[in-house]
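Reading through the structure tokens given below for one structure.
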There are 2 protein chains.
Amino acid sequence: MLHIHKVSEMTGVTVRTLRHYDHIGLLQSSSKTEGGHRLYNHTDLKKLQQIQFMKKIGFRLNEIKNMLNSSDWDWSDSLKKQLSYVKKEQESLSKIESTLRELIHGMAMEDESNEIAIQKVMQLANNDKELQERYRKSMFEERELKLWKKVPNMTSDQPDTLEWIALIGQLKRFIHEDPGCSNVQNIIRRMDEKRAETFGGETEFLDKLWDVRMSEKQSEQLGLYPIDQDVLEYMNAAYEIFIGKKG
Amino acid sequence: MLHIHKVSEMTGVTVRTLRHYDHIGLLQSSSKTEGGHRLYNHTDLKKLQQIQFMKKIGFRLNEIKNMLNSSDWDWSDSLKKQLSYVKKEQESLSKIESTLRELIHGMAMEDESNEIAIQKVMQLANNDKELQERYRKSMFEERELKLWKKVPNMTSDQPDTLEWIALIGQLKRFIHEDPGCSNVQNIIRRMDEKRAETFGGETEFLDKLWDVRMSEKQSEQLGLYPIDQDVLEYMNAAYEIFIGKKG
DNA sequence: CTTGAAACTGACGTTACGTCATTTTGTATA
DNA sequence: TATACAAAATGACGTAACGTCAGTTTCAAG
């Protein structure tokens, strides 16, 4: 049983905001003193955490209200989505980082490559917005989570799955560039590290990979994660290079 | 010379927003057609990028206006701050990530450690706000940048300096854990990669490292970057392990 | 039983745009 | 050169999510 100021302190949400949320029926304290002071409990905090996250990815308060009120809301599910969002954000940030470095590096010389980099930073910042939109949509449409469940030998209950999806997603973005370039090779390295954790030997990993491809090619109804053919091919090429460098 | 729609496309800022910025005098297009259509050039884009970043860390539009108008505004300086901010955000996100993983992991069992984790996530999200405040302040107070200039043989003109600071900052967080653990070793690996880029041989790197320690111990007035003694010792230990594994 | 900090309830203010409605401008085509 | 039609412009009003008073009531500590 926490009074409003304590909750504000703990969460960084202002007192006024908490009262506002009460007013609009988004988050009513589970109990009150006789005099009408709000008293929050642990469940209220859970709800507040949800609200914070959903706000962060761009939902409006009334949208959040509707979602939290809908009976089949799944807190565990939401957490997984948060995790997956955080990972994407990290990707986005590291891109921004390298572009900023380019910019800083080439700052002295006022040339054209500079102008391109500026646009890149802004587009990347924009990426964030698209990311948020994607996640907002995925909150409603269950499709994405269902897809994840289709990755063979990796249910979405294993948090690693999310990372795999993220890594594959990253690869996709470089598909028109050299599979030997450092960006791609770094991704592959991370994949290989994950592979070592998750599976056993190298052959097994490649087998799984091909399994996926075959199934996707043969039929979507086998219920596997649909990785595009070209992505798989690209991934394979990059992996070959990686092995070559390593061995 | 870009018309408003093109700029909007390139940057993800809506047309309405651009007009709004013009209206309040925050960003006026450098030229116009005879009929009054706004035409933006490269300098305008630079300015817009600044605005985007400053908005992201929580400035109000009129504050931004004042800062950009103040004659001694330094675009290069601002970029460095952006980079440093991005790195801090990454740290913050990776903390959030691991806490989310904790939460997801312990979701089945409805116990107390769970409640603590929830509070942790929220406090971490709150970190962001504090981060933003810190950076807003550092925009005015030059202190931070001055500190960076004190790292020997690395002026803040070398963008790598920022990464060093960030890496050292990361190390600090693990100082009570095993210097051989993978998190720490990954940081060290990145340091070693940076070292190879920046300096030459291994010995030289270690020499520099000791230089720093000696000077810090002897006197702060030599104007060096203050790395805590214990961090240095920890870093050294971790590095030794790294070398051991590598060689 | 008092008393000062903290909570409460309106009510109006503010920021940063979104959303019409209506009018002009620029340019590709007949 | 005329015309049409997308895209730009300018108000004006709307809105979401609180911030900021102002005046009142409740609570816990002495």
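- For B:Thr17, a side-chain nitrogen or oxygen approaches OP1 or OP2 of C:dG18 to under 4.0 Å.
- Side-chain atoms of A:Glu97 and B:Gln90 include a donor-acceptor pair closer than 3.5 Å.
- Residue B:Thr14 has a polar side-chain atom (N or O) positioned under 4.0 Å from OP1 or OP2 of C:dG18.
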Got a list of protein N/O to nucleotides 4-8 of chain C N/O distances below 3.5 Å?
from, atom 1, to, atom 2, distance (Å)
C:dA7, OP1, A:His5, N, 3.2
C:dA7, O4', A:His37, NE2, 3.4
C:dC8, OP1, A:Arg38, N, 2.9
C:dC8, OP1, A:Arg38, NH1, 2.6
C:dC8, OP2, A:Arg19, NH1, 2.4
C:dC8, OP2, A:Arg38, NH1, 3.3
C:dC8, O5', A:Arg38, NH1, 3.2

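- Side-chain N/O atoms of A:Tyr21 include none lying less than 4.0 angstrom from OP1 or OP2 on D:dA17.
- Which of D:dT26, C:dT25, C:dC17 sits closest to the side chain of B:His20 comes down to C:dC17.
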All N/O contacts under 3.5 Å from nucleotides 11-13 of chain C to the protein, with atom names and distances to one decimal?
from, atom 1, to, atom 2, distance (Å)
C:dA11, N6, A:Arg16, NH1, 3.4

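- Across all non-hydrogen atoms, the minimal contact from A:Met1 to A:Ser31 is SD-OG, 3.6 Å.
- Residue A:Thr33 places no side-chain N or O under 4.0 Å from the OP1 or OP2 atom of D:dT26.
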Donor-acceptor contacts, no H, no angles, side chain residues 14-24 of chain B, under 3.5 Å, sequence neighbours left out:
from, atom 1, to, atom 2, distance (Å)
B:Thr14, OG1, B:Thr17, N, 3.0
B:Thr14, OG1, B:Thr17, OG1, 2.7
B:Asp22, OD1, B:Gln28, NE2, 3.3
B:Asp22, OD2, B:Arg38, NE, 2.5
B:Asp22, OD2, B:Arg38, NH2, 3.4

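- Put simply, CG on B:Leu26 is 11 Å from C1' on C:dA16, counting in whole angstrom units.
- The distance from atom CG of B:Asn62 to atom P of C:dA16 is 6 Å, rounded to the nearest whole Å.
- When rounded to the nearest whole Å, the span between CE of B:Met1 and P of C:dG26 equals 15 Å.
- When distances are taken from the side chain of B:Leu61 to each of C:dA16, C:dT25, D:dT26, the shortest belongs to C:dA16.
- When the C1' atom of C:dC17 is taken as reference, atom CZ of A:Arg60 falls 11 Å away, rounded to whole Å.
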